[in-house]
Amino acid sequence: MSDPTIQTFCCHHSGKNEDMAVRIMNEFNTDSYNTVCLVSSTIGILGALFQIVHYLWQTIPQRYNTFTSSRGRNIIMWLAVADLLASSGVLIRSSLWLKYKTIMPMPDDGFSVLFCSITSAWTQYFYTATWFWTLFYAIDTWLTIKGRDSHQMVYHSVAWGLPAVTTGVGLSILYYPDATCHNLTSVTSALLKILPNYCATYVPIALVMVINPIMYVLAGKDVEMAVALPLAQFTSKERRVVDALRLKFFMINVVFYICWLPNLLNGILLWTMWFNMPVKVIISIWYVMALMNPMQALFNAMVYRKWSSTGYSMVPTMSSATIKGFQFSDEQSPLLGSEPPRLHLDPLPSSINNYSTL
């Protein structure tokens, strides 16, 4: 899981029960927690590998036939790569924690502090990259439907570069110079030491939760206009095309909220009720995050993949050939009672085929 609270447990501590972190650890079953992380991260790795293999299986053999992979599929592949590396970090960390039982290092255990901080930085970096790739998929969906060019170089620069900055700055402030972030003497010191890492984690999550639904609503409206205007009517078959896309957009948002809303809730509760919040509530939220964060890769494999009409879809996938012409012989004009005159319909960009599902 990617959570600033767990990252603070990498710090040296006094070992006294007055320390809130020590009190939490006294009630924390680390074996069961690490087992949950181990199982969920393994499932996440399998989901990410499925996405990557599926992408390569569709792309590599067809390149010899002058095939150009869609830009949406490229984003999905890089999202899966980031998910794979993030889940691998959780797997390695939970495996070693399960064996050596040192989630919270002893006061004089410098090696465990180093291991905890490195694995936390690894996991944090790649999960932050998944958030940005999720954001860019929504933006690129809208650009594709509008017929505008993609910006792959910008996506890569931001998706890999900005997480390095946020992760590096947040964890450097937290751990520098001697990895002591417990028993801070004042509220100001706690804000300066701990809050930047929380912002580096939760601000990108909040941005995706706000921006992505807006982008998908705009994309849905643009698709409806693109499908309906050339025929000057909106029949049941056009409605099925639009509904299929909107359902996919909705499911993508639902998956992101399910996986990351517990983290956002955890941060809000800890900063508002840290000393009054029951320990069991804190631990329960940690279990939910341990389960749902790595499962993002599996859920992404379900909602992002290009479903076909053979075995997986409820309606046929939308392609340029399908949209071009819209020969709906069973649809009649509601006014004339006969087949309406067909206007010339330019095909939508071929890459939009990657955005249809279910």
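Given the structure is predicted, the values throughout are model-derived calculations rather than measurements. Worth knowing before you read on, the calculation uses all heavy atoms, side chains too, and leaves out hydrogens, waters and symmetry mates.
- A distance of 11.0 Å separates CG in N266 from CG in L261, rounded to the nearest 0.5 Å.
- Under the 4.5 Å side-chain contact rule for hydrophobic residues, V53 and L84 do not share a cluster.
- Residues L143 and H151 have side chains in contact (heavy-atom distance under 4.5 Å, counting atoms from C-beta outward).
- The heavy-atom pair separating M292 from C259 by the smallest distance is O-SG, 3.5 Å.
- Hydrophobic clustering places I258 together with V255 (ILVMFWY residues linked when any side-chain heavy atoms are closer than 4.5 Å, directly or through intermediates).
- In this structure, the separation between CD1 on I45 and CG on L298 is 12.5 Å, given to the nearest 0.5 Å.
- Closest of all the heavy-atom pairs between A80 and I52 is CB-CG1, 3.8 Å.
- The minimum heavy-atom distance between A164 and Y125, with the atom names listed, is N-CE1, 3.3 Å.
- For W122, the side chain to side chain contact (heavy atoms under 4.5 Å, CB included) test picks out L85, F126, with sequence neighbours left out.
- W260 is listed as a side-chain neighbour of M209, based on a closest heavy-atom distance under 4.5 Å.
- For the pair P204 and V208, the minimum side-chain heavy-atom distance is 4.5 Å or more.
- T201 places a side-chain heavy atom less than 4.5 Å from the side chain of Q124.
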Discussion item. Applying side-chain contact (heavy atoms from CB on, under 4.5 Å) to Y127 and V90, what does each step give before you reach the verdict?
Written reply: CA-CA 10 Å; Y127 270 131; V90 176; 4.1 Å; yes
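- The shortest side-chain heavy-atom distance between V169 and P196 does not fall under the 4.5 Å cut-off.
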Using residues 216-223 as the side-chain source, report each donor-acceptor pair under 3.5 Å to any protein atom, sequence neighbours left out, with the distance given to one decimal.
unit_1: D222; atom_1: OD2; unit_2: W142; atom_2: NE1; d: 3.1

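- How far NE2 of H54 is from CE of M77: 13.0 Å, rounded to the nearest 0.5 Å.
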Fill in: Stepwise side chain to side chain donor-acceptor pair (under 3.5 Å) test for Y55 and N74
CA-CA 8 Å; Y55 170 84; N74 287 334; 2.6 Å; yes
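- Checked against a 6.0 Å centroid threshold, the rings of Y33 and W97 do not count as neighbours.
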Item to complete: Tell me, with the steps shown, if Q296 and D83 meet side chain to side chain donor-acceptor pair (under 3.5 Å).
Response: CA-CA 8 Å; Q296 173 183 247; D83 261 325; 2.8 Å; yes
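- Taking hydrophobic clusters as Ile, Leu, Val, Met, Phe, Trp and Tyr residues chained together by side-chain heavy-atom distances below 4.5 Å, L79 does not share a cluster with L46.
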Discussion item. Run the side chain to side chain donor-acceptor pair (under 3.5 Å) test on N263 and Y202 for me, step by step, so that the C-alpha distance in whole Å, both residues' side-chain angles and the decisive distance to 0.1 Å come before the verdict.
Written reply: CA-CA 8 Å; N263 297 58; Y202 293 134; 5.3 Å; no
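- Nearest heavy atom pair, residue I211 against residue L135, reads CG2-CD1, 3.6 Å.
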Item to complete: Applying side-chain contact (heavy atoms from CB on, under 4.5 Å), run through F249 and M215 and close with a yes or a no.
Response: CA-CA 9 Å; F249 299 158; M215 299 306 302; over 6 Å; no
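- Within the 4.5 Å cutoff, no side-chain heavy atoms of R71 are placed close to those of I75.
- Side-chain heavy atoms closer than 4.5 Å link hydrophobic residues (I, L, V, M, F, W, Y) into clusters, and following such links, possibly through other members, connects L162 to V210.
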Practice prompt. Check the pair L270, Y198 against side-chain contact (heavy atoms from CB on, under 4.5 Å), reporting the backbone distance first and the verdict last.
Written response: CA-CA 11 Å; L270 289 180; Y198 275 82; 4.0 Å; yes
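- Between the S117 side chain and the L114 main chain, a donor and an acceptor come within less than 3.5 Å of each other.
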Item to complete: Please assess Y287 against S32 for the test side chain to side chain donor-acceptor pair (under 3.5 Å), listing each intermediate value before the final yes or no.
Response: CA-CA 9 Å; Y287 272 100; S32 61; 2.3 Å; yes
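- Atoms OG1 and CG, on T30 and L98 in that order, are 8.0 Å from each other to the nearest 0.5 Å.
- Listed by chain and number, the residues in a side chain to side chain contact (heavy atoms under 4.5 Å, CB included) with S284 amount to none (sequence neighbours excluded).
- Between P294 and S87 the shortest heavy-atom distance is O-OG, 3.9 Å.
- Proximity of the aromatic rings of Y304 and Y137 is defined here by a centroid distance below 6.0 angstrom, and this criterion is met.
- One distance of note links SG of C116 with CZ of R93; it measures 6.5 Å at 0.5 Å rounding.
- In the hydrophobic clustering of this structure, W271 does not group with I268; members are Ile, Leu, Val, Met, Phe, Trp, Tyr whose side-chain heavy atoms approach within less than 4.5 Å, directly or through other members.
- S40 places no side-chain N or O within donor-acceptor distance of the main-chain N or O of M295, the cut-off being under 3.5 Å.
- Shown here for P262 and M289, the closest heavy-atom pair between the two residues is CB-CG, 3.9 Å.
- Using a 4.5 Å cut-off on side-chain heavy atoms (C-beta onward), I173 and N197 make no contact.
- Put simply, OG1 on T130 and CG on N293 are 9.0 Å apart, with the number rounded to the nearest 0.5 Å.
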Worksheet item: Is there a side-chain contact (heavy atoms from CB on, under 4.5 Å) between F299 and F256 once you walk through the steps?
Response: CA-CA 9 Å; F299 295 147; F256 191 85; over 6 Å; no
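- Judged by distance alone, with hydrogens and angles left aside, the side-chain atoms of S94 form a donor-acceptor pair with the main-chain N or O of L91 at under 3.5 Å.
- When side chains are defined from C-beta on, Y257 does not count as touching V254, because their heavy atoms never get closer than 4.5 Å.
- The aromatic rings of Y155 and F136 lie parallel to each other, with less than 30° between the two planes, well short of the 60° mark.
- Inspection of the S150 and D140 side chains reveals an N or O donor paired with an N or O acceptor under 3.5 Å.
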